[in-house]
Structure formats: structure tokens, C-alpha cells
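Here the structure is laid out as C-alpha cells; the discussion comes afterwards.
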Amino acid sequence: MTVRNLTALAPLIIVSATALAVMMAAALRRNHAAAALMTLGGIAAAFASLRAAAVLRPLAIGSSEAGQLLVIDGYGLFFMGLILLGSAAVVVLAHGYLERQAEHREEFYILLLVAVLGSMTLAASSHFVSFFLGLEILSVALYAMNAYLRARAISLEAGIKYLVLAAASATFLLFGMALLYAEFGTMSFDYLAGQMTAGIYPNRAMVTGGIALMVTGFGFKLALAPFHLWTPDIYEGAPAPVTAFVATVSKGAMFALLLRYFYSTGAYRLHSVFVVLAIIAAASMLAGNLGALLQNNLKRILAYSSIAHMGYVLVAFLAAGDLGPEAVTFYLIAYFITTLAAFGVVTALSPADRDAGRLGDFEGLIWKRPALGGVLTLALFSLAGIPATAGFFAKFYVVAAGADSGIWRLIILLVLTSVVGLFYYLRVLVAVFSRPLESRELAPQVPFASAFVLAGLSALLVWVGVFPGTILRAVKAAVGSLRY
Amino acid sequence: MPEVTYLDADELVINMGPQHPATHGVLRVKLKLDGERVTGSECIIGYLHRGIEKIAENRTYQQFAPYVDRMDYVAAVTNGMGYCEAVEKLLGAEIPPRAQYTRMILAELQRIASHLLWLGTHALDLGAMTPVFYTFREREEILRIFENYCGARLTTHAFRIGGLLYDLYDGFEKEVRKFSDMFLGKIDEYEQLLTKNRIWLERTQNVGILKAEDAIAYAVTGPVLRGSGVKWDVRKAQPYEAYDKVEFDVPVGRHEGWGDTYDRYLVRLAEMRQSVRIIRQAVERLESGPIFGKVGKIIKPPAGFEVYHAIESPKGELGYLVVSDGTTHPYRVRVRPPSFVNLQAFDLMARGHLIADVVAIIGTIDIVLGEVDR
Amino acid sequence: MLAQSVFLILAVVALSSGVMVITRRNPVHSVIWLIVTLFSVGGIFLLQYAQFLFAVQIILYVGGIMVLYLFVIMLIRVETVAKQAPYSRQWAIGLGAVLVLACELMYGVYKGVESFHLGTPSRPPVDMNNTEAVAGVLYNNYMLPVEIASLLLLVAMVGAVLMAKKRFE
Amino acid sequence: MFNDAVQFVENYPLLVAAIKIVIVFLVLSGVVAYMVLAERKVLAFMQARLGPMRVGPWGLFQPAADGLKLLLKEDIIPAGADKFVFLIAPVISVVAAFTVFAVIPYGPSSALIITDLNVGLLFVVAVSSLGIYGIILGGWASNSHYPLLGSLRSAAQLVSYEIPAGMAIVGVLLVSNSLSLVKIVEAQQSSGLWNFFLQPLGFLIFLIAAVAETNRNPFDLPEAESELTAGFHTEYSGFRFALYFMAEYTSMVLVSALAVVLFWGGWLRPFASVAALDFLNYLPPVSLLMIAGVVFFFARRNPVPAEKWFLVAVAAGSAVLAGVVAVPVVITAVQPIFWFTAKVFALLYAFIWYRATFPRYRYDQLMNVGWRWLIPLALGNLIATACVLWWAGPNPGRLKLFFAMLAANLAVAIVVALLVGWRSPTAAAVEKQTGS
């Protein structure tokens, strides 16, 4: 371990250290605000250290025998930054949310920090070992986070469901990795890439089988159809800030890895893999958008919509070419902002004993709480892809990328399902703008920090939608380092 | 809000006894357990019920005296003493001093013997197997003195209503003195094994806490009450025989207002020392004289009198309520057994503790089922 | 020859006890069969001169984890569990998936041993025994994953304590 | 003839190993049987009584009588028991306890070692951890409350105490630099310093954990008779009960032997490197002579003629044996076995001694001792040992290492005591209950 390596790993180290520090502090004296502040401080420090790490890029960490375990390059650091920012927003939202709960609250931040660590590991991973460990850390932390409000049966249910399905998907991934390892005798992405691009795989069945199993695992994690069945229940059951985290950070990290894995190994060039992924993308778009039509709960609607959005991202992913990775990354950024804003509103509106979710909870929101209503409206616009929001430009970019590489059938499906999507977003909007019933109680006051975050997210939504240039340049630079 | 968490297991109901090595006889304790933690308990008694109080109604006053030995069979002398005194009180009879001091010596020896048995078994319950052999060794000496005096070791029937049947045998004083001299050192020996032993401390301290007000409310008496810090001893409060003429202290627990198993352990050890002190004084005051008061061969108290007389037995306040109807048979004898009353506080002490503590708590109450069930 | 027959015996035991694990209705019996499975796998490790793996397999899985399994199972009422059907209705689909996988694997094996070129296993120096070699690989080559794994255990612990902890008051 | 023997060993390694195993098994069974008698005798000695006196002189044949009785007793299987599990559980216990002896070195020559595994220590830990199953499964299969509680307790207890025991062993590993038990003893020989002196804290931890792992007083909760009647083996009778009994005593012998190998220099004579103490080499024949003398002395007083002559014969036999042992060639050969056995017996005596002295811990206190004290101590010891070894460099002087280790151990003990002893967990509960 040289100083160079340590500097490169600084973001990871800082996050782990913060988790330990929060744990020790909670053991000595419980203080919710202090725990949240420590967490934010740690995240900020890690974010700052990204710059230091960026100076050294790209740096592979590993050994000659094991191959490179982590790659700290612009791409990884970019996603780490995204993860950290998203997590910071979740921390602020969670603080306001947990303040209303009677149970131990400090442990949440330990779990969250470790989950962030797992996500960051995924973003930088270029080896099956670090990939799997990162994924497991993320999942294990999420089991507990999903079931965090133990007094709520629905939260426990979410935890158990996530546990079972995440464990099952992990076995798929492992088996897939094992098959690939059996075939290639290596677990490092760059070795794999070397052999796969050279076409040295005598046993195509094993490779295809391995990749298929891995795709299944990925599918579970990203909630792509037909592996999406867990999503609505967990989105509904988990505490709102956790849902926000699951929807954004964990999926973002997963996609970051997916991108790196498939692009660097070139696995997506296998025709069968391409076909399978295309079918999955189509199925996700259909299942997500059609499923959402039947829901009466905003959290469930957002769950189905996330399935659809993951389908869109997959389309961008399949577009490959020059624009593909950029489209994926940009879409993820827009999706982060939008989803965080939407769940932020849900979080802020949730009373102590349950989460806001039923459409009735939002009736007349715009009249009662104009600010919150406005944020929710913006988020829904963005999700639906209305112009002048981040979502519009992201979707536009995806379509452009798809058109660029000529995957027309998928693009047409994307456009059609987006139209369907418009319908259920509008249903929510109708509720938001309808005349309020007098009897409905208002949720507690939104804390200043949460309000600030929500305002910031809305501003970003519009800014990215109207002036995407800055972000686009950053994305281009980051993705550029992916093709070494 | 649900009380239980997701991982809570079922509650387990377990029967301790009536055949169990640690319930000191045929006590049956029904325990509700959460894991090993006791969430509730119920003592089920009556397995040794022999109807002793009813038997009294069909026996003459003298004939009934041996029966009371069978109640607290490890402290037969004090049982008999209490009964004899109760009838004597009913008759208004005076007992000569020699008989009084003899009774006191034997009663205190019996207290020591009873405490020794308690100490041995209590330690055995908590897993220390050696003290029981030591305490039985010393108890044997006491039982030998009893045997020499009245021919019986356990159910002695040592006293008669009105005084003593036998005068002391030659060398009694010498033997008792020898015993008192030897015994103090032995108590130190027991203490060496237990009092400062870390495990013993952990097993007894803060276990089976009984607050003074609870103890009084439950009418708990004897070392259990004194362990909770209440200075109450029938020998001091309502002196009988010649207890007002000897000097001794009433040891109490370490705390103000509450006591734990360790307190009760300390109290009993200190009581043994005090008993030795009483014995020494009583032996000095033994002087020759009559051993039997003015009580006729046929005991026939006047009708309609009833008397309650209590003594401090090794286990607490042992009371007899004797009602006469003018015949030679008592109309009613009612016993207030300390074990039975003290046992009522068991649930209070055991709740929230572990199974292992249940054993310690039963041991620390020092019950004898013969007395509980009668 | 001896090694081969021992391997065959162990493999058969491992597989059949594995089947027993999932077919027993009594969970305690399942655990016992699982122990048998782990044992035979440990034996296979030993056959490959991987003494360290064997020892760790027994110490951790058999001696530690399975004991805790038993501990938990014993706290559950076994009778009610035993009455429940062990499989859901989707067992046919599961079986199908397993068959597909098995066919694929068999195909892979059929294609020949050459396709399984497992790289060149790194030979430890002659004077170094197996355990030291494992330690060297873990703490030199894979130090970072080991550290990350420690955090994985930590978070699992935090989560478990959090879930199992009794409520205050 | 000697060459023939060597030839034989080389030709039939498996056969030789089998013979050794049989011998160890038989000797061990005898040791275990007499261990039971010794325990009863020593306890009796400490408790002012005589112990078994009926069967043979001083009850010397008591083990045989006990064994016979247990063999002939009815083997009861409770109704509702899980029959299969109930039947195999005690066997697991015994097998696990006996198997470990395969890697224990009784002396330096290969004749005294069944097998020298290069991961011997791991093997020991692995196999001895299997004994738990006998206890857990036996308790569960009985389908009865007390055994179930007993087995739950033992599961928690054994798993908890395996951790500090393992970490104490790792300390030895660091010092001796090998996992092979033979090499560990040889390392102690070459350094001239028993590991006990380098790892006093480790030895203490190991000893405590060993007592806990063998379910012996003061950690005998799984079979605490005053709480759980007989704990996990309440429902067992006859031969199966005897198996549990054997397993318990075998594991006592086992942990003693392990402690001797790991910390007390195995077969080495005390102060083997000090020439002034070479007269200790003559202890084997001398002690045999002493035994002969004592037996003869008591034989004269024995009123039963048959017993008297038996004892005289034993005395004469010991004397003759002493003569044989005194031959220089034999004495060197017997040396290691003698010291090994003597050390093991010393530890076994300590086991009995604890039983006579200590009350029993409570379940939560037991966990407390394990998790709050032993594990931090063991961890600290491990770190301190590693630090000292790193500081001392490859070939440190003997005294330097000794004092450095001593200081490190003391430091660890003090730090842990300060940290752990800070606040007792029951204090808060008492405050709440008494309102004070």
C-alpha cells in the first residue's frame, strides 16, 4: 500500500472510517443530530477527497497475481461523486423523517454509510471479487435499512422480501461468475476483456450461460422485468428515505458496474446477450408502464415507473456506440435528481406512524403546501419527460443514442410506452391539483434542511433540463476514461 | 404497536418439581419462561400435607407435642419449644430457670443446625459442592448433643409442657462449650469458601431483591425480613424464655430498605455467631434447680381461652394459636409457619430473573416443605 | 486409485446428503444432513491437499455456523414447521431451471477437460506449507477485499443486532 | 532385530498407525475410567470424607464396577424422542473427543506420535468443535424441557468460549510459528522457554475457556443439576449415558494435554536446558519407588487378606518397574512420556480442584465473562504479542522476549480491566429495581 494507493482509495477509506466513528459515537452517547451531522461531514470529506484521488487517475489497485481489483478512474470517481451527492440528500431527508420515530435512529446512518461504501466499491470495481463484495455490503446494509422500522409489519415484510430476493440474485451472480471463471481462469475484467475480445473462448455454451446467469442477477438488482416483482412491495414497505436510496444510489451503482463490466469485457457484443438484453428492456418498459396504471399508491407508482425507467436506461445501454454510455450516465443523473425530489416530498409528508403514499394523501397538495406540491409536480413532469426538465433532455438523449445505432424497434417502443406513462403521472397530478377535502390532516412541518435539499433538487431539475451543457461535458469526460 | 419483535420465540412453561433436586422437597414451581428469563411463577404446594392441625383436635395436649416436630423437621427443637410455650401460656404456668436456659441452649443449637443445613444446600444449589460436607460435619456434632440429651437426632421431642423431662447429662456443659469454641472458627472456614468468592458474589448479589416495605406487606419474617434491613426479631420484640436476660445482636442486611440473596446469606451467618454468643451466656447461667414447673399430669385448660404465642424459629416467626374448650384435647391448633408465609414473596423476588436465580431464591427463603404443607 | 475412490465416495455422500437437506421436513434433520454435506466437501478439500480449507470448513461452518442454525431452529416450534409443505407450487419451474443448468454444465464437461483450463494454479514455494500460502494470497494479493469483507461482517452484525434488539422499556 | 522393526514400520505404515491408535485408545480409556475414580477420591479428600471404598482396596476397582453397571442398565429411549438423533448424539460426542488424540504428540520420537499434521492445531480446533453436536442434538432429541434448555445453554456457551480459546491458540501460533503440534513443542525446546512464560495471559484465557468447553465447574451450566436436573443428558441412561460421561472426561484429558503441548512444553522436562537440574531426570524411577513404598505401607494395614496380597503385588510390581526404568537407555526413552503425563495429571488435578471450590456461574454471567472479559483480553493479547514479536525482530534474546511479553501482557490486562470493569451491566437494573 503506497501513499499513492491510499490517496486513490481515500474516498472509500473516509466513508468506512465515518461509519465506524458514527458507531462508536452512538455507543458512547446517542445523539441523532450529531450522528446525522457526522455522516454528512464524512460524505463531504469523501467528496472533497475525490478531487485528490482524481489527480492520480486512472489507477488500478490490485496485484500482479490477483489482477486489478479496483480501478480509480474518472468514470468511477464520477459515479462515486454522484453516489455521495445522492446519499447526502438521503441523509438530510432521513434526518427529518427519523426525527419523528421513537426507535433508535443513529444506527441508520451506520447502515447508510456502509451501503454507500458498497455502492462506491461497485462503481470502482473491475474484478469479480470486489464486485461481489461491494454488492453484498450494499445488499446486507439494505436488508436492515428496509426493515428499519421494526414496529411496522410492512417494513419488516419489505426487509424479508429484499433479503430473500437479493440472496437469490446473489447466487445467480455467483454461479455466473463461477462459470466464467471456469472458462477463462480469471476474475479480473481486463483479463476477461482481453480474452473475450480476442475471441478465445472455446466453450461458448459456458460463456453464454455464465453471462445469462449474471444478467439474471443484474436483473434482480436493477428490478428489470421479468425480475421486477419485488419492487412495488419493497418501495411501498421500506421507509421513504430508504426507498429513495434503493431507487437511486443502489441502482446507480449497479448500472455503473454494469456499464464498466459489459463495455470493458465487450460481452454485450455477443449476439445472444444483446437479444436477451433487448427483450429485457422491452419487457421492463411494458411491465413498468402498464403495471403503474393499476396502482393507487404513489410509492407503488414510482416503483413501476422505476422499472420502466430502468428499461429506458437499458435501451441507452444497448445503443452502445459513441452516445450510448453518455446517454446512460446522463439519464442516471436526471433520474437521481428526479427520484430524490419525488421521494423527498413523500418523506416530508409522512407522519410518524405510516408513510404517505395513497393518492388521497396528495389531494390538493398544491393548495395546502404549494412548495411541496410544486416540487412533486416538477418531479412528475421530469419523470414523464415534459420539456424544460431534466427528464426530457435525458430521454431525448437516449432516443438520439438509439437512433444513432439504429435500434429502431426499441426506440419506437420507448416512445409509445412513454405516452402510456404520461397517463399515470397525470393521475397523480390530478390528485395534487384537485380541491382539498377539509378533513385531511396535514403532515408535520418540513425541517429547514429538508426544505433546502428539496429546493436545491428542483432547481437542479430545471437547470439540467434547460442548460444541460455543463453536466454533459462532465459526463463526456467521465465516460471517456471508460475506454482505456 | 406490537410488543414483541419479529424474532421473539414462544413462551415456555416449565414445571420445577415436585421432583427436583433444588426445590428442597416436594415444592412444585410452575415457571413461565422467556428463554431462560422468568416472566411469572406459581408455587403449587400440598404434596406433603398430612393434616397436622386437624390431628391436634384428636390428641391430648401432651400427645400432640411430638407431631409438631414433623413440621419443620430440620428444626424440631424449636417447633416443640413453641408449642410447649404456647400451652404453658394457656395454662399460665411458670417454668424454672434451669429448664428455660436448657431450652434456649438447645433451641440455639437447633438454629445453628438448621442454618448449617441451609448453608450447605444453598451452596450446593449454586454449584458449590464442598460446603455441604463441611456444614454437615458440624451439624453432626449438634445432632450428637441432641442424641445424648434425649435419644433422638432429628425429631427430638426434647421438651415437655411445663419444662423438661430429662435433666442434662453429665458433661453437657463441657460439650456445648467445646462446640461453641470450635464452631466460630468453622464459620470463618465457610466464609473463606464463599463470602468473598467472586462467583458467589455474582450469583447472590442483586438477586432476589426484596424491598423492606414489600417484605412487611407480605408478612415475611426471620432472616429474610432482616436481610431486607428490618430489625425485627421475636426474641427481642416479644422475649420468651430468658432471651431478655442474655445479650445478643439482631443482624440485618447491608442495605437500607432492601435486601438481596447475599444479604440473607450474611444475616444467617451472623445469626449463627449470635447463637453461639447466646449459648455461651446460657451455659454460664445454668444452675442446679428444678426442671419442671407446676403443671399437672393431666392438662385441662379452662374452656374458652385462646392464646397465640410466637417464637423466633430459625426460619422466622413460628406462631401457635391454641384454643381450649375445657377438655384435655385442644379445640383448635393453628400454626403460623414461617416457611409458608415467606414462600409467598417468592414470585415477587423471582420475576425477571433467570432460572438459575430461581434456585438461589428458593434456597435463600429457606423453606421446609413439611412446614409449608403441614 | 485410492484417492479417486475416496473422492467418489465423498462426492456421492455430499450430493445425496445435499438432497436429503432439502427433502427433510424436520429442520433439525435438514441441518444434520447439511453437516454431513459440509463434512464430505471438507473431505474433498483434504483430498486436494487443501488442509487449511478443510480445517476452516469444519471450524467455521460445521463448528460455528451450523451450531447457530441449530440454536435458532431449536427455539422455533419444530412440530408446526414440519407440517408445512416444504415447497411452493413453483417447484416444477425450479426443477426445470435446475435441469437446464445441469444440461448446460454437462455439455460443458462433455466438451472436454481442455475447455476447463483453470489458468495455472499458483504453486506455493516448496518450503511453504498450504496454510501460509493461503495467508499470503489473502493478505498480500487480496488485502483490499479482505478489508471490505470485514466491513461486510460489521454491517451484518449491526443489522442483526438492530433487528433482534428488544425495544426500550 | 531393530532393522527388522524399522523395515516393518516402513512397509506397513497404515498398520503401524492402526496399532498406535488402538494403544492410545486403550490407554486413554483406562485413564478416563480412573480419572472418574481419581475425581471422586480427590473430592472426598477435600471434603472430609473417604469416597469409594467398597470395590477393591480403596475402591480401586470401582471404575470396572461402574462400567459394568452402566453397561447392564436398561437403555431407555423416551417416548416422543427423535430416535435416530437420540441414538447417535452421544456417539458424536465420544468420537469427537477421542479423534483429536490422533495429533497429540506424546514424545519426540515418531513412535510416540500417531500423526504429525502440519495443520495439527487447526485439526484440533476443528474436530473438538464437533463435540458440541453431541450435546445439542442429544438435548434436543430427548423431547424434554430441561435437556432442551441444557443444550441451548451449551450451544451458546461452547460457541462463545471457542473464540477466546482459538485466539489464545493463535497467540501460541505467533510465538511458535507453526501449526504443527510437534513443531510447537520443538520451538519451545529450541528457544528454551515454554510458551507459558511468553503467553501467561494466553494460558490463563485458554485454561478458562478449556474449563468452559468441557462443561466443568464453574461453567457446568449445561448439566447444572440444581437447575436443570442433569441438563442435556437428563433422559439418557445406561450405556449412552456412560458415553457422555466418557466424552466429558476424555475432553478434560484432551484440553489438559493441549494446554501442556501448547504452553507447558509438551514432553519436555522442566528447565531442560539447566544442567544443574539434571537430577530431575531420575524422577521417573524415584516416583515409581515412592508409589511402591506408599502402597506397601498401606498394604500392611489392610485387614482383608486378598486385598493385602494384591497391594503387595502392586508394590512389588512398581518396585520392579522402577528398577527397569532406572536402566539408562530406558530412562531416556521414558522421560518424555513421564513428563507429559505428569503435567497432564497436574492440570487434571486442577480441574477437580475447581470443582471442589467454585460455585457455578449463571448463564448471563457466563456470557459476560466470555464476551466482556475473555474476548477483549484475547484480542488484546493477540495484538500485543504481534507487536512485541514485530518489535523484537527475527532472533531476539530469550530474556528480552520474556520481559517484553510480560510487560505487554500486563499492559493488556490492565487496559482491559479498566475498560471492561468501568461499569457493571447489572448496576443499572438494580438501581431501577430498588429505586436507589
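A note on names: the letters A, B, ... follow the listed sequences, proteins ahead of strands, and every chain is numbered from 1. Computed from a prediction, not measured in an experiment: that's the story for all the values here. Only this structure's heavy atoms are used, side chains among them; waters, hydrogens and symmetry mates stay out.
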Check this for me: B:Glu191, atom CD, are more than 12 non-hydrogen atoms of other residues, nucleotides or ligands nearer than 6.0 Å? yes
Between OH on residue B:Tyr134 and CZ on residue D:Arg49, distance to nearest 0.5 Å: 10.5 Å
Apply side-chain contact (heavy atoms from CB on, under 4.5 Å) to residues B:Asp357 and D:Arg362 and explain how you reach the verdict. CA-CA 8 Å; B:Asp357 294 328; D:Arg362 203 172 62 202; 2.8 Å; yes
Euclidean distance, D:Thr357 OG1 relative to B:Met129 CE, rounded to 0.5 Å: 10.5 Å
Working to the nearest 0.5 angstrom, can you tell me the gap between D:Met46 CE and B:Thr130 OG1? 8.0 Å
At a 4.5 Å cut-off on heavy atoms, which part of D:Leu148 comes close to chain B: side chain, backbone, both, or neither? neither
Is the count of non-hydrogen atoms from other residues, nucleotides or ligands lying under 6.0 Å from B:Arg198 atom CZ greater than 12? no
At what distance, to the nearest 0.5 angstrom, does OH of D:Tyr354 lie from CD1 of B:Ile199? 11.0 Å
What is the minimum heavy-atom distance between D:Ala48 and B:Arg137, and which atoms define it? CB-NH1, 3.8 Å
Carefully, step by step, assess D:Gln365 and B:Arg203 under the rule side-chain contact (heavy atoms from CB on, under 4.5 Å). CA-CA 8 Å; D:Gln365 292 163 351; B:Arg203 284 302 304 274; 3.3 Å; yes
Side chain, backbone, both or neither: which part of B:Val132 has an atom under 4.5 Å from a heavy atom of chain D? neither
